[in-house]
Amino acid sequence: MKVLKFGGTSVGSPQRMKEVCQIFMAESGNIVVLSAMSGTTNSLVEIADYLKKSNTEAASLVVNQLRQRYAQHIADLYSTELWRQRTQEFVDSVFSFLFSLATVPMTEAIEKQIVAQGEIISTNMVTNYLLEQGRKAQLLSALDFMKLSKNGEPDINYLREHIGPIIEQHHDAEVFITQGFIARNADGDVDNLQRGGSDYSACLIGAALKCEEIQIWTDIDGMHNNDPRFVESTQPVRQLNFEEAAELAYFGAKILHPTCIQPARYADVPVRLLNTMEPSAPGTIINNEMRPTTIKAVAAKDNITAIKITSSRMLLASGFLVQVCKVFERYHTSVDMITTSEVGITLSIDNRTHLDAIVKKLKQYGTVEIDDDMCIVCVVGDLRWGNVNYETKILQALSNVPIRMISYGGCNHNISFLIRAQDKKRALNALSENLF
Ligand code: ASP
Ligand code: MG
């Protein structure tokens, strides 16, 4: 059994929906996880926002726009009146629910229910399409097995205990269709795994069931060895270790949700990234294998701020680093990179929400200087310290770029640089030229 996840653009038009069905119906017995049709979740967030501000007129306008789009989609997707009508009735019930909210006070629970509707509709539409085609498609409600614990983390045990028996009930199904993104919280209310969370849903399900493979289908030919928006002729990377993929996903490669890799990694279920536009291309496989002495890819993360704290009091003093880190912890601001010297520390953050308060506190410990508009460039591959020459090659590529920080040795797979945002494009290009 495999889990196949398709994102919003892959189900964004009737034509794409049909193509995607062809892809996943090629084999039977798999679980398909779907996102909402592209743009839908954004519209639902907008509706919830307007309702929160009691602007029911604007909310109704967005609901109506969505309704029109879905009506057109339904007209084009189905070939029989029966299934058009059935689906339209279902979609109408969702829109009646949305309209009915104009008169009730908004709560967080209702807001979550609103944003969940996109996946509920898309999975219903696809299941109905397959049923119309005479296929044995079984719709599973993710709300029956996807659950968050009290601290908002997915409850893997609950998932494992609940999804297995549900699947067994439908042993004659050719395919199971379910929603990505949505879940119930510890109180049983509708909740979600955060924006972009469908990848995470797919990986959680694949890991819970110890599936043969988790496939994440997008519109790009796997993970590329550099950012195609800034570098011409990037190449897809055929294989990545889970750790390498996690670094890349976190440091900028938008193709995969950063947190989703962990469950697959622990369950040792490979994740394959595939392209709906070119279904037979090999894509990228992410697994626990380590391919020695290769540099795999380069990625960049924008909007980074560097904070330097210098103090002669730090010299030979213990506990200085702890004090500084505690300030970041207190303001729930996570640190990406850190470099130290005997009299100073520089840390980088990507969330400036509490920057003023953080700086104010840090001034207790030394002189504070800020560099903003920075970016982290990270090179990922077999970078174990015993290997020679890689660091040199990488640094040579960056010989004309002013480097603010270097971080190496934190793990076996990564070397990162902090540079000015304005130098990002030429740094990425120079790295591609020297390394690939
Ligand atoms: N529909 C959700 C979003 O747009 C989840 C997803 O697509 O992964 O964020
Ligand atoms: Mg996505």
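Whatever order the structure lists ligands and atoms in, that order sets their numbers, starting from 1.
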State whether the shortest distance between N or O atoms of Glu119 and N or O atoms of ligand 1 falls below 3.5 angstrom. yes
Any atom of ligand 1 sitting under 4.0 Å from a heavy atom of Gly8? no
Are Glu213 and Lys2 ion-paired here, with the side-chain N under 4.0 Å from a carboxylate O? no
Which of the atoms of ligand 1 are close to Ser198, meaning less than 4.0 Å from one of its heavy atoms? 5 (C), 6 (C), 7 (O), 8 (O)
Would you call Lys326 and Glu329 a salt bridge, taking side-chain N to carboxylate O under 4.0 Å as the test? no
Side chain to side chain donor-acceptor pair (under 3.5 Å) filter on Asp191, not counting sequence neighbours, yields Lys112
Can you list every ring pair (Phe, Tyr, Trp, His ring centres under 6.0 Å) pair that touches residues 147-178, not counting sequence neighbours? Tyr158-His162
Can an N or O of Asp199 be found at a distance shorter than 3.5 Å from an N or O of ligand 1? no
Should Asp371 and Arg404 be marked as a salt bridge (charged side-chain N to carboxylate O under 4.0 Å, His left out) after you check the CA-CA gap, both sets of side-chain angles, and the distance that decides it? CA-CA 9 Å; Asp371 290 302; Arg404 172 68 186 79; 2.9 Å; yes
Determine whether more than 12 heavy atoms belonging to other residues, nucleotides or ligands lie under 6.0 Å from atom CD of Gln194. no
Using the six-membered ring wherever Trp is involved, compare the ring planes of Phe6 and Trp217 and label them parallel, tilted or perpendicular (cut-offs 30° and 60°). parallel
Judged by non-hydrogen atoms, does Gln194 sit under 4.0 Å from ligand 1? no
So if I count the atoms of ligand 1 from 1 in the order they appear, which ones are less than 4.0 Å from some heavy atom of Arg195? 3 (C), 4 (O), 9 (O)
Using a 4.0 Å cutoff against the non-hydrogen atoms of Ser35, which atoms of ligand 1 qualify? 6 (C), 7 (O), 8 (O)
What are the atoms of ligand 1, with element, lying closer than 4.0 Å to any heavy atom of Thr41? 1 (N), 2 (C), 3 (C), 4 (O)
Out of curiosity, is Gly196 lining ligand 1, as in a heavy atom under 4.0 Å away? yes
